[in-house]
Amino acid sequence: AKENGKNNFQFFTADMNELMAKKMRLEIGLRKAVINNELELYYQPQIQVNTGHIMGVEALIRWNHPKMGIVSPAEFIPLAEETGLIIQIGTWVIETACRQAKEWEIQGYAPVRMSINISARQFQQTSFVDTVMEIIENTKIDPQYLELELTETIVQDPVYAIPVLNQLKEMGIKLSLDDFGTGYSSLSYLKSFPLDTLKIDRSFISTVNESGKDAAIVKTIINMANSLDLNVIAEGVETNEQLLSLKQDGCDEYQGYLFSKPVKAIAVQELLQKCMEE
Ligand code: C2E
Ligand code: CA
Ligand code: CA
Ligand code: CA
């Protein structure tokens, strides 16, 4: 028994060491990723339920690691937040997404909204509003087509958040509350924050046709969003059944694998082209 215990302990530390080594490799790599051009944005279309038109795209970051291949943001965004690298990466994301939106405009595509994920640490930087303003000026993107996706953790401190959100609104930017339904004091946020869009979290959508409770929650969120005059987007729509029930509930837009996975800019152009030809 004693021997087993010792072995377990050794396994445990080996695992820990491996984990820590992996984390350190990731961190060192991440520091170089921006400079070495290893980061790339993919875009996932957001579709109007009633017309099938592309209304916007959500920018989603990918890291093409030279050895590890594509690393998921679920893996490196938390690390970037922990180390503070998210500030540099986040600025790169806003700049790259805005430049891409301008590029599509120049190429003559009908304008679509560009939605960008903002992390808490980024939002809490005192320079955040100035950074966004500078990028708008430099890229000459029309701010009404720029939307920032914020989670509830970001707006946890309303005394700090509300003035910042109001400044962004004054610049003409749209604001979206991401992962709605997964946090806690969501309803009070809806009243006090100048939001344009509400995104229903994928966890409710994935079981909307199986769980009566989730169906009721989704329907309630949509009704509430509609009566508050918010644009409501369902995330992670994978099946026609899910889309149908969203349509019956009066959901404005959806995004998910059913229409398209997140894709490279060039593939978005093909989708926009197809939409214009219809
Ligand atoms: P999120 O903002 O909730 O983004 C939606 C995630 O759901 C994306 O994962 C997307 O690829 C995935 N998804 C979309 N449709 C479907 C579907 O039909 N089925 C399934 N199973 N998944 C779907 P992704 O790209 O891996 O991003 C994960 C998270 O990483 C994002 O969650 C967001 O929190 C974060 N993230 C991604 N890009 C950025 C970024 O540029 N900045 C920051 N701060 N965070 C980012
Ligand atoms: Ca998002
Ligand atoms: Ca989400
Ligand atoms: Ca609506």
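Remember, it's 1-based here, ligands and their atoms both numbered in the order they're listed. Keep in mind that the numbers below use all heavy atoms, side chains included, and drop hydrogens, waters and symmetry copies.
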Inset, instruction - Using a 4.0 Å heavy-atom threshold (strictly under), name the region of Ile89 that reaches ligand 1: side chain, backbone, both or neither. - result: neither
Inset, instruction - Give a yes/no verdict on whether any heavy atom in Lys261 is under 4.0 Å from an atom of ligand 1. - result: no
Inset, instruction - Would you check whether Glu81 reaches within less than 4.0 Å of ligand 1, judged by its heavy atoms? - result: no
Legend entry - Which N, O or S atom of Glu149 lies nearest to the Ca ion (ligand 2), by name: OE1
Inset, instruction - Please confirm whether Gln255 comes under 4.0 Å of ligand 1, counting heavy atoms of the residue only. - result: no
Inset, instruction - For atom NZ of Lys219, decide whether the heavy atoms of other residues, nucleotides or ligands shown that lie under 6.0 angstrom number more than 12. - result: no
Legend entry - Pair Glu103-Gln107, side-chain donor/acceptor within less than 3.5 Å: yes
Inset, instruction - Would you check if there is a donor-acceptor pair between the side chains of Gln48 and Asn50 at a distance under 3.5 Å? - result: no
Inset, instruction - Report yes or no: does Ser176 have an N/O/S atom closer than 3.0 Å to the Ca ion (ligand 2)? - result: no
Inset, instruction - Take atom 26 (O) of ligand 1 and look for protein heavy atoms under 4.0 Å from it; say yes if you find one, no if not. - result: yes
Legend entry - Residue-ligand contact Pro262/ligand 1, heavy atom below 4.0 Å: yes
Legend entry - atom 15 (N) of ligand 1: the protein heavy-atom neighbour that sits closest, reported with distance to 0.1 Å: Gln44 NE2, 3.0 Å
Legend entry - Closest protein heavy atom to atom 46 (C) of ligand 1, given as residue, atom name and distance to 0.1 Å: Asn117 CB, 3.9 Å
Inset, instruction - Round to 10° and report the angle made at the Ca ion (ligand 3) by OD1 of Asp178 and OE2 of Glu235. - result: 70°
Legend entry - Residue pair Asn240 / Leu258, side-chain heavy-atom distance below 4.5 Å: yes
Inset, instruction - Using a distance threshold of 4.0 Å (strictly less than), state whether atom 43 (C) of ligand 1 has a protein heavy-atom neighbour. - result: yes
Legend entry - Residue, atom name and distance, where the atom is the protein heavy atom closest to atom 16 (C) of ligand 1: Tyr257 CE2, 3.2 Å
Legend entry - For atom 3 (O) of ligand 1, closest protein heavy-atom neighbour: Asp179 OD1, 3.4 Å
Inset, instruction - Verify the distance criterion only: is there a donor paired with an acceptor across the side chains of Asp179 and Thr151 at less than 3.5 Å? - result: no
Inset, instruction - Establish whether atom 9 (O) of ligand 1 and some protein heavy atom are separated by less than 4.0 angstrom. - result: no
Legend entry - atom 39 (C) of ligand 1 protein-contacted, heavy-atom criterion under 4.0 angstrom: yes
Inset, instruction - May I ask you to test the Ile233-Leu198 pair for a side-chain heavy-atom distance under 4.5 Å? - result: no
Inset, instruction - Using distance alone, with no hydrogens and no angle criterion, decide if Gln44 and Glu58 have a side-chain donor and acceptor under 3.5 Å apart. - result: no
Legend entry - Tyr42 six-ring face occupied by Arg62 cation (under 6.0 Å, within 45°): yes
Inset, instruction - Taking atom types as modelled, find out whether Glu40 and Asn64 have a side-chain donor-acceptor pair closer than 3.5 angstrom. - result: yes
Legend entry - Protein non-hydrogen atom below 4.0 angstrom of atom 30 (O) of ligand 1 present: yes
Legend entry - Exercise: do Glu95 and Thr139 side chains pair donor with acceptor under 3.5 Å: no
